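Heads up: the structure comes next, in structure tokens.
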2 protein chains.
Amino acid sequence: MDPYIKRIKDLSKRLDPQVLAEVEEVFVDKHCSKGTFLLKPGQTSTAHLLIRKGIARKYFVHKDREITTEIYFHDDVAVSLDSYIMQKPADVYIEALTDLEVTVIDYRRFYQMKNKYPEVMLIDKMFIEYYAVWFEQKLCEFRTLDASERYAKLMEKEPDIARFLPVTIVASYLNISLETLSRIRSKLT
Amino acid sequence: MDPYIKRIKDLSKRLDPQVLAEVEEVFVDKHCSKGTFLLKPGQTSTAHLLIRKGIARKYFVHKDREITTEIYFHDDVAVSLDSYIMQKPADVYIEALTDLEVTVIDYRRFYQMKNKYPEVMLIDKMFIEYYAVWFEQKLCEFRTLDASERYAKLMEKEPDIARFLPVTIVASYLNISLETLSRIRSKLT
DNA sequence: GCGGTAATTTGATGTAAGTCAAATAATAGC
DNA sequence: GCTATTATTTGACTTACATCAAATTACCGC
């Protein structure tokens, strides 16, 4: 697991038990079946979704083509950052690729927690920080790596994506055509 | 100005005068002459740099090529997010492209302010949020727009960059070769 | 098992944009 | 002013990757 994510987790666990109990009241567990949309363009995001089990993805449609921007596994948090922060309608889909077990963290109630307990605000801030750094890294990868290098990086950093998902989705995540991905893979064997 | 930046500014101004005074003690004004580096790879960032006057840029070197990732004008904040958040050595340069007047915001002292006043922490958090959303948008542009579309977007959103900076820098910011940028421009006239 | 659909691979061809190289144009120093 | 240097433009050529199309393979439901 990423060391920064680990720090966030450790901090969460070390919250005052009283505070932790109160925070956890905000969490609601939910089941989503495969193919369901957790968010659609036009809807304003009202919750973070902690994926407890299964796989989900975020994507948007550009020129009749689905572009996958994030893929979520166990312990990942699915959210349209844009819609959450700016409190405006999303322009992305969040889709359950398998049956999911998710924990819903309602913004309104979590917001109250943040204002009541600065340590909760800190954890939320660290989460955003992680997101920002992750985006910056991705941006750097797009600027410097070609198709096969991006694939190599994916295999190194997020091998589960290549392992569990169909070429179509992996290719759109790497921003290459599925044919090119297929060719890259065949060269490696 | 971006509406979210405006919100951050308004909030800053509306801080309790007592708090504001204390925060401003942390700010130190400084002059940097053209060509100076405010940060170099290997150094760990110890301060945010608010540009009061002049132009600066952030870039990194990849395969003997300078890749400009951010350009700062009046009221922008120059910082290696990565180095700041992870508190690790930076891998980017921050360079004064003109003579600069900057306000240095020391992390250590600002950190104390954040812990003392939750409203200061909130402002810092909003700044990071803005950064994250900005990165996400850039990422989306790289995924969906070709060279001339990226240039068009630049002219629409950050025209000053194209106006005040040499082709070399603008091209590396758009992640295209300077020759291509020159050709795009000549086609538009 | 078999037929039908969807996913993946393979091949042929097109193109946006990179690279290399040379020609202008702009800028600064003296 | 003129030269030296640097920045920008223009041209010829190359290449990584997309697109289109067809072939193969995998995956279902019955």
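Since this is a predicted model, take the numbers as computed values, not measurements. When reading the values below, keep in mind they use all heavy atoms of this one structure, side chains included, and skip hydrogens, waters and symmetry mates. Chain naming here is simple, since letters A, B, ... match the order of the sequence lines and numbering starts at 1 in each.
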Atom-to-atom span, [atom1] of [X] to [atom2] of [N] - whole angstrom:
X	N	atom1	atom2	answer
K63(A)	dT19(D)	NZ	C1'	14 Å
R185(A)	dA7(C)	CZ	C1'	12 Å
D64(A)	dC20(D)	CG	P	12 Å

Is there side-chain contact between [X] and [Y], with at least one heavy-atom pair below 4.5 Å?
X	Y	result
E66(A)	R57(A)	yes
E136(A)	E70(B)	yes
F73(A)	I51(A)	no

Does the pair D75(A) and K9(A) meet the rule for a salt bridge (charged side-chain N to carboxylate O under 4.0 Å, His left out), with working shown? CA-CA 10 Å; D75(A) 262 6; K9(A) 277 202 163 181; 2.3 Å; yes
Heavy-atom protein contacts under 4.0 Å, nucleotides 10-18 of chain D, coded B base, S sugar-phosphate only, - none: BBB----SS
For residues 39-49 of chain B, tabulate all N or O donor-acceptor pairs below 3.5 Å that involve a side-chain atom, not counting sequence neighbours.
residue: Q43(B); atom: OE1; partner: K40(B); partner atom: N; Å: 3.0
residue: S45(B); atom: OG; partner: Y107(B); partner atom: OH; Å: 3.0

Counting N and O atoms only, with roles assigned by atom type, does the side chain of S80(A) sit under 3.5 Å from a partner on the main chain of S83(A), one being a donor and the other an acceptor?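 The answer is yes, because a donor-acceptor pair under 3.5 Å joins these two groups.
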Kindly indicate whether a cation-pi arrangement holds for R7(B) with Y4(B), taking the cut-offs as under 6.0 Å to the six-membered ring centre and within 45° of the axis.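 No - R7(B) does not lie over the ring of Y4(B) by the 6.0 Å and 45° rule.
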Can you say whether the rings of Y131(B) and F135(B) are parallel (under 30°), tilted (30 to 60°) or perpendicular (over 60°)?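 Tilted, since the angle between the ring planes falls between 30° and 60°.
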Terminal helix-axis angle for the helix from dG1(C)-dC30(D) to dC30(C)-dG1(D), with five pairs defining each axis and rounding to 10 degrees: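 The end-segment axes of the helix from dG1(C)-dC30(D) to dC30(C)-dG1(D) are tilted 50° relative to each other.
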